[in-house]
Structures are given as C-alpha cells and as structure tokens.
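Heavy-atom basis, side chains included; hydrogens, waters and symmetry copies ignored.
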Amino acid sequence: MTSWPTWSEWLETLPPDVRDSAVSLAKRFKELGAQDPEEWARSEISENIPQLARFMVLRALWREAISPWMDASALSDVAAAQRLIDAGADRHDVLLVARAGAYEAVAAAVHILDEGGDPDARESDLGWHLVETDAECKPTGREIGGLHESLLETDPSGNEGADLWE
C-alpha cells in the first residue's frame, strides 16, 4: 500500500515560492473553516484544481441556503410550518424537514452545475461552466467542477450532513 507524504514532508518537496503559496492557502482554508485545510491546499497546488473557489461556493451555499434552517426563527415566515407546529408537530422536526429539503435542493443544483448541460438537450444546444475568477472578476481559466463531491464535506457543523436525517 502506498503511503502519502505528510503535509510537512510534502512541503519540503516544493520550491520555496510554491511552499509559501501552499502554506498561505492552507491558512486561508483554515480561516474559512475547512475541516482539513492542508488537504484542500495540497490538492489545489498539486492538481491545479481551484479548491479555494470550490470551497467558497459550497460554503456560501451552506451559509445562505441550508444552515439558516437550523434557527427556529426561519419558520416564522412559512405559514405551512406554523400550521404544522400549531397542529402539534415538534418545532425541531419541522426545522429538520425544511433543512433537509434545502439540502436536497442545493444538491440538485450542484449536480446540474456539474453536468455542464441539460442531458435532454440537443447536441447543438448551449451548456454552462462555472469558472474561477480573480479579484477583478477576470476568468483564471480554471473550471470549478465536482461540487457534488464535496458538498457534505463542507458542512460547517463538521457533521457531513449526518444531522439532516436524524
């Protein structure tokens, strides 16, 4: 069985400028709350995958679409949720259903983005790609893909979505 070098061992194999970039990138991932910042940075550097952009997209989806359903106040604007609670449903269970629904919607959207086109479209129809941009919004030339592979991994709770199906 092949053993991967540790973070420190891997860093030692890099030229000084690339090593500094890797360390800085790992630090940024840690600041953003990545569970394994060194692996995200290693992948970006060694595989030229825009992992920071991928992580930031997924993090934003959790923050804006899924995680708000952890707060009971999110139910106040949903009349059907209030009716369920008034009928005796447990508030936590209603929140959990809403959060699981939000997760499933985000997962579907991420799969659609990753597909790059409508599978039922004609060959001549247009598709799409999500691309990384620099600070001035100029494309870097690196495609952001495989979002579905990391959606659960970027759950800010660190539970990889396990609590969605309690």
Hydrophobic cluster membership, F55 vs V110, 4.5 Å side-chain cutoff: no
Under the rule for salt bridge (Lys or Arg N to Asp or Glu O under 4.0 Å), what residues qualify as partners of R42, not counting sequence neighbours? E39
I'd like to check the salt bridge (Lys or Arg N to Asp or Glu O under 4.0 Å) partners of E136; sequence neighbours left out, ordered by chain and number. none
For D86, enumerate each residue passing the side-chain hydrogen bond (donor to acceptor under 3.5 Å, both in side chains) test, keeping only those at least two apart in sequence or located in another chain. Q82
Can you get from I49 to I45 by hopping between Ile, Leu, Val, Met, Phe, Trp and Tyr side chains that sit under 4.5 Å apart? no
Looking at W10, is its backbone amide N or carbonyl O close enough to the side chain of T13 to form a donor-acceptor pair, meaning the two atoms are under 3.5 Å apart? yes
Determine all donor-acceptor pairs shorter than 3.5 Å in which one atom belongs to a side chain in residues 96-105; sequence neighbours excluded.
{"unit_1": "R99", "atom_1": "NH1", "unit_2": "D163", "atom_2": "OD1", "d": "3.4"}
{"unit_1": "R99", "atom_1": "NH1", "unit_2": "D163", "atom_2": "OD2", "d": "2.7"}

Test item: F29 and L52 side chains (from C-beta on) under 4.5 Å apart, heavy atoms: yes
Hydrophobic cluster membership, I66 vs L61, 4.5 Å side-chain cutoff: yes
Would you call I112 and E115 a side-chain contact if the rule is heavy atoms closer than 4.5 Å? no
Taking side-chain contact (heavy atoms from CB on, under 4.5 Å) as the definition, give me every residue that meets it alongside T6, ordered by chain and number, with sequence neighbours left out. S8, E9
So, for A74 and P68, which heavy atoms are closest and what is the spacing to 0.1 Å? CB-O, 3.4 Å
Which side-chain N or O atoms in residues 141-154 pair as donor and acceptor under 3.5 Å with protein atoms at least two apart or in another chain?
{"unit_1": "R142", "atom_1": "NE", "unit_2": "E132", "atom_2": "OE1", "d": "2.8"}
{"unit_1": "R142", "atom_1": "NH1", "unit_2": "N48", "atom_2": "OD1", "d": "2.8"}
{"unit_1": "R142", "atom_1": "NH2", "unit_2": "E44", "atom_2": "OE2", "d": "2.7"}
{"unit_1": "R142", "atom_1": "NH2", "unit_2": "E132", "atom_2": "OE1", "d": "3.3"}
{"unit_1": "R142", "atom_1": "NH2", "unit_2": "E132", "atom_2": "OE2", "d": "3.0"}
{"unit_1": "E143", "atom_1": "OE1", "unit_2": "H129", "atom_2": "ND1", "d": "3.2"}
{"unit_1": "E143", "atom_1": "OE2", "unit_2": "H129", "atom_2": "ND1", "d": "2.9"}
{"unit_1": "H148", "atom_1": "ND1", "unit_2": "D114", "atom_2": "OD2", "d": "2.6"}
{"unit_1": "S150", "atom_1": "OG", "unit_2": "R54", "atom_2": "NH1", "d": "3.3"}
{"unit_1": "S150", "atom_1": "OG", "unit_2": "R54", "atom_2": "NH2", "d": "2.9"}
{"unit_1": "T154", "atom_1": "OG1", "unit_2": "W62", "atom_2": "NE1", "d": "3.3"}
{"unit_1": "T154", "atom_1": "OG1", "unit_2": "S150", "atom_2": "O", "d": "3.2"}
{"unit_1": "T154", "atom_1": "OG1", "unit_2": "L151", "atom_2": "O", "d": "2.9"}

Treat each ILVMFWY residue as a node, draw an edge where side-chain heavy atoms are under 4.5 Å apart, and state whether W7 and L25 are in one component. yes
Dump the intermediate steps for side-chain contact (heavy atoms from CB on, under 4.5 Å) on D125 and D118, then the final yes or no. CA-CA 9 Å; D125 287 342; D118 184 338; over 6 Å; no
Name every donor-acceptor pair, under 3.5 Å, that has one atom in a side chain of residues 17-24 and the other anywhere in the protein, sequence neighbours excluded.
{"unit_1": "R19", "atom_1": "NE", "unit_2": "L11", "atom_2": "O", "d": "3.0"}
{"unit_1": "R19", "atom_1": "NH2", "unit_2": "L14", "atom_2": "O", "d": "2.8"}
{"unit_1": "S21", "atom_1": "OG", "unit_2": "D17", "atom_2": "O", "d": "3.2"}

If you look only at pairs with a residue in residues 60-85, which of them pass as a salt bridge (charged side-chain N to carboxylate O under 4.0 Å, His left out), with sequence neighbours excluded? none
Joining Ile, Leu, Val, Met, Phe, Trp and Tyr whenever any side-chain heavy atoms lie under 4.5 Å apart, the cluster holding I85 also takes in W69, L75, V78, L84, V94, L95
Does anything in residues 71-95 form a ring-ring contact (aromatic ring centres under 6.0 Å, His included)? List the pairs, not counting sequence neighbours. none
The criterion is side-chain contact (heavy atoms from CB on, under 4.5 Å); which residues satisfy it with E12, sequence neighbours excluded? none
Sorted by chain and number, sequence neighbours left out, salt bridge (Lys or Arg N to Asp or Glu O under 4.0 Å) with E38 holds for none
Tightest non-hydrogen contact, residues P156 and S67, listed as CG-OG, 3.8 Å
